[in-house]
2 protein chains.
Amino acid sequence: MSANARETLIDVTQDLLWERGYAATSPRAILDRAGVGQGSMYHHFSGKEALAVAAFERSASATFATAAAVLNGPGSAVERIGGYLRLQREVLRGCPIGRMAADTDVLESAALQTLLADTFDRIRDLLVEVLADGVERGELRPGTVPGELADTVLAVVQGGYVLARAAGDPAPFERATRGALALLEA
Amino acid sequence: MSANARETLIDVTQDLLWERGYAATSPRAILDRAGVGQGSMYHHFSGKEALAVAAFERSASATFATAAAVLNGPGSAVERIGGYLRLQREVLRGCPIGRMAADTDVLESAALQTLLADTFDRIRDLLVEVLADGVERGELRPGTVPGELADTVLAVVQGGYVLARAAGDPAPFERATRGALALLEA
DNA sequence: GTCTATACAACGATAGAC
DNA sequence: GTCTATCGTTGTATAGAC
């Protein structure tokens, strides 16, 4: 629990956005879990959307930082991609970023949609760089298009979350990422 | 427009589930678009969930049939997988099946969750069969694990939808599927 | 079988006291 | 800066006329 209401509200909203999405997260649910009054929320934020933006910014930064740590880390290109594919945790909770793309209210909010698009763009840029390195060093086939394969890698992870949640079982995520890595290592 | 209220309700609910998901689709919205009274809905269905089940069953059958037509069709294994990857349409609307996995209310409904899981299982079975054929015929590397690669293919499609919707642009879907197909053809 | 009227809770936001 | 009280709207469902 944070020291002040503002921080507590952001923390709780991060959790609820991850668990329930944006549309299904009510101010009431946030306030109940945070243990603060309604007035505090409307004092610190103009409304539900502004609070969601603050919370989503934090989640996006954290997710990007985790990806960057692996992708800018040591190892060959294929090892770093493998590290990224194996990085994902809490598969059944879904991706805190990708989850938002299913929420129509998110796509209708200019601020949230931009944040969502930018976050994937930034992770994609990291992947493109690693894959271009891999081609240059001869780790990957000469014909490989980094700008396509980066989206393939991102999609396997995002789709893995979808399949795992649909099945109620992390196994499809594990299989999907293993299958992708096997193709890359071939 | 269908002849009777029951059919009209199912048709409209299919559309709204695709557009807005389950939680965000209210009976009121369905009735408004269908142009029928509230009494008709509660006469034919026990409530929102039962109507959603009827609608989702139809969408799932249609999606499965489309996949089966390509995957059980003519051509080599890689050609059929390529056909499946290229099959997807209306990328920005998202996948009518995969979309449901992001909706917490769907996962909390036994009937809807089972329908969702079964639909992916059935498509996965088709993919496993095609890929096993491909290994047998020597189209794919001997070390290939059909049970993993099937999830990879499914995940690329589902993740492609997520990335495209996040970007507000079908391009990431196209890149992701092209990148996957390039790996398979190598 | 279809309709309108109504019920009651939860939604997002505002008012105003402390 | 935080609280409670309240507003108007929408959520899902029921009642009962036709």
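Just so we're on the same page: letters track the sequence lines, and every chain starts at 1.
A 4.5 Å side-chain heavy-atom check between B:Asp151 and A:Glu174 finds every atom pair outside the cut-off. In this structure, B:Arg99 and A:Thr104 have side chains that are in contact, with non-hydrogen atoms separated by less than 4.5 Å.
Within 6.0 Å of CD on B:Glu129 lie no more than 12 heavy atoms contributed by other residues, nucleotides or ligands. Enclosure of atom CZ in A:Arg28 is not indicated, since only 12 or fewer non-hydrogen atoms of other residues, nucleotides or ligands lie within 6.0 angstrom.
What separates CZ of B:Arg28 from P of C:dA7 is a distance of 17 Å, to the nearest Å. Rounded to a whole Å, the CG atom of A:Asp105 is 11 Å from the P atom of D:dG11. One interatomic measurement links the two molecules: CD1 of A:Ile30 to C1' of D:dT2, which rounds to 17 Å at whole-angstrom precision. Taking atom CG on A:Asp32 and atom C1' on D:dC3, their separation rounds to 14 Å, with Å as the unit. Following rounding to the nearest Å, B:Leu9 (CG) and D:dA13 (P) show an atom-to-atom distance of 14 Å. Atom CZ in A:Arg6 sits roughly 13 Å away from atom C1' in D:dG1 (whole-Å rounding). For B:Leu16 and D:dT12, the CG to P distance is 11 Å, given to the nearest whole Å.
Each of A:Gly39 and A:Ala24 was matched to the nucleotide of DNA chain C holding its nearest heavy atom; the match closer to the 5' end belongs to A:Ala24.
Heavy-atom distances under 4.0 Å link DNA chain C to B:Ser40, B:His43, B:His44 of residues 40-50 of chain B, given in residue order.
Looking at B:Gln38, its side chain has no donor and acceptor atom pair within 3.5 Å of the base of D:dA15.
Considering all non-hydrogen atoms of both residues, B:Ala77 and B:Val130 come closest at CB-O, 3.4 Å.
Cation-pi geometry between A:Lys48 and A:Tyr42 is not met at under 6.0 angstrom from the ring centre and within 45 degrees of the axis.
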